[in-house]
Structures are given as structure tokens and as C-alpha cells.
Amino acid sequence: MTAPLRELLLAPAPDVAPRLLGSVLVCARPGGTVALRLTELEAYGGQRGSDLPDPGAHTYRGRTARNASMFGPPGHIYVYFTYGLHHAVNFVCRPEGTGGGILIRSGEVVLGADAALRRRLANRSSQPAAAALARGPGNVAQALGLDRDEDGADLLDLGRAVDPAARAREALAEGTGDAWTGLVRPEQAPGGVVVTARTGVSGEGGTNAFPWRFALASDPTVSPYRRATVKKRRTR
DNA sequence: CAACCGATTATCT
DNA sequence: GATAATCGGTTGA
């Protein structure tokens, strides 16, 4: 039952993102399978001159080798590397050839916390709180064990190694809706969605002109809102 | 080809 | 609250 997900992801990211909140992403990787209940997402649009131009998106200046998967088929993932040390994961939206995606900013680890913790401890000395295991895009990618090697991968392949029935039972204790390999959607849309400007985006794209950050209200796994860091001149 | 800077995070003051 | 860490994509000379 994979068609509904593909169809859903044909729509513009700002329409799809709030509907994906509460879904459980199951990611089977070497080092352990982790299931993540999505609690914070950000939508990103397309190229300058397209039907959904987004000055805050990597796609804005057109297709490059780095962002090519954002222009690829919906239902695949775009993984990019930034700040010299972090990866971030997106669901690709819109028909192939059109740029767009949904950044996974935070989630609740509902399965495989041990694997997520092992990965997180590789880059820090102190023990992260349970709610912080996958809070923030860099931490999400690390907890799931995803990097540039998985850029362009089919979202549905990420959970392929997991038995769908067992996964659905464990990941969504209260019931499953459509059982997709890789992504399990809740039976009904969660209430209490908070909408804000996007975190860390500089320029026009980070303003209220693009209220494309969606989070579950009062959820401890949601990252705090931060403005884009002020550019500081590097001294030597 | 050199310089700039980012869809960030951990850690220190 | 401020800043270092760290690298490669993008830009402009």
C-alpha cells in the first residue's frame, strides 16, 4: 500500500508537512533500526520562477549536483551536509523535475532508542535526555544513521528490512492507518499543531512570509525556535 | 581559485 | 547568550 504516500507527496510541501506530523518513520540501517514519530517538520518550496518560489530553499537557484534529489521523484529523500559536520534529511515532494521537500527537524524515538543513543554518543560526552535523542535536524540524521550515502534513496526502502506487521504493532501502539514500509501514518490527524516561521533561515525565507514550520504543540521533542545566526566575520 | 557562509550543535561564560 | 568546530557548495574576481 504505497500509492497513497506517493500521491500525497506530489502536493506542495507546505500542504503535505502538517499532514505528516505524527507519522512514524521506520529506518532500518546497519547499527540498528530506529522508528521516529515525527513531531517537527519544515516545508521548502522550489526554484525561482516556479509555481512555488522559495528564497529559503536549496532549490531556489536551480538544480545542482548537491540538491539534485530535491528535483527527483517524490517519496525519495534528500540528505545534505552542512556546517562541516551535520547532515539533514528531507522527504522529496512534487512531481519529478520540480524542486521541493520537507525537512525532518525533530521526532520522538519510539523504537530503537538504544541504537539512536549509541549513534548520538559518538559525538558527545554527556548522555542526552530521551526527548533530545532526535531533537534538531542534525540529531535526527544522526539518530537514524543517515548521511550523504543515502541521499536520493527511496523512502520506502528505508524500512524494507523490517517486517511490516511487527513494525506497525511496535511503532504505533494505538493503531496504524495505512501501513507503509518506511512510513506509518496515524489513523487520524493529530490536533494542536503549531505553525511558525522557519528556524535558522536567513533573509526573506525565514520571515512570516513563509510560515512553513509545523510542530506538535507542547511536545518535549520539538526543538526551540531560533533565528538565523548573525554572520560574524572570521578573524584569520 | 580564493573567500564566504550555511535549513547546526555542544559547550562554555 | 556567545562561540568554536569544520567542510564543501556557491559565488565572484
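Keep in mind that what you see is a predicted model, and the values were worked out from it rather than measured. Every chain is numbered from 1, with letters handed out A, B, ... down the list of sequences.
Atom CZ of A:R227 and atom P of C:dG1 are 12 Å apart (whole Å). The distance between atom OH of A:Y225 and atom P of B:dA7, rounded to the nearest whole Å, is 13 Å. Whole-Å rounding puts the A:I104 CD1 to B:dT8 C1' distance at 16 Å. The distance from atom OH of A:Y78 to atom P of B:dA7 is 9 Å, rounded to the nearest whole Å. For the pair A:H87 NE2 and B:dT9 P, the computed distance is 13 Å after rounding to whole Å. Straight-line distance from the OH atom of A:Y60 to the P atom of B:dA7: 14 Å, rounded to whole Å. In this structure, the CG atom of A:L85 is 8 Å from the P atom of C:dT6, given to the nearest Å.
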message: Show me the dot-bracket string of DNA chain B, counting Watson-Crick or G-U pairs under 3.5 Å, with | for pairs to another strand and [ ] for crossing ones.
response: ||||||.|||||.

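By the stacking rule of 5.5 Å between ring centres and under 30° between planes, A:Y80 does not stack on the base of B:dA7.
Annotation: the span from A:Y80 atom OH to A:H87 atom NE2 amounts to 11.0 Å, rounded to 0.5 Å. Note: A:I102 CD1 to A:Y44 OH = 11.5 Å, rounded to the nearest 0.5 Å. The CG atom of A:D15 sits 9.0 Å away from the CH2 atom of A:W212 when rounded to the nearest 0.5 Å. With rounding to the nearest 0.5 Å, the separation of OG1 in A:T59 from CG in A:L52 is 8.5 Å. Rounded to the nearest 0.5 Å, atoms CG (A:L111) and SG (A:C27) are 11.5 Å apart.
A:D114 CG: more than 12 foreign heavy atoms inside a 6.0 Å radius. Within a 6.0 Å radius of CZ in A:R61, no more than 12 heavy atoms belonging to other residues, nucleotides or ligands are found. Atom CZ of A:R227 sits in a sparse spot, with 12 or fewer heavy atoms from other residues, nucleotides or ligands closer than 6.0 Å.
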Output a table of nitrogen or oxygen pairs between the protein and nucleotides 10-13 of chain B separated by less than 3.5 Å.
residue : atom : partner : partner atom : Å
B:dA10  : OP1  : A:R120  : NH2          : 2.6
B:dA10  : OP1  : A:N139  : OD1          : 3.2
B:dT11  : OP1  : A:S125  : OG           : 2.9

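Side-chain contact between A:V194 and A:R213: absent, with no pair of heavy atoms (C-beta onward) separated by less than 4.5 Å.
Within the nucleic acid shown, A:G205 has no heavy atom closer than 4.0 Å to any nucleic acid atom.
In the interface, the side chain of A:Y83 is not paired with the base of C:dA5 through any donor and acceptor atom under 3.5 Å apart.
Side chains of A:T39 and A:R37: a donor-acceptor N/O pair is absent below 3.5 angstrom, by distance only.
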field: Contact letters for nucleotides 8-13 of chain C, in which S counts primed atoms plus P, OP1 and OP2 and B counts the base, heavy atoms under 4.0 Å
entry: -SSS--

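The C1' atoms of B:dC5 and C:dT3 are separated by 15 Å, rounded to the nearest whole Å.
Salt-bridge annotation for A:D154 and A:R6: present, with a side-chain N of the basic residue lying under 4.0 Å from a carboxylate O of the acidic one.
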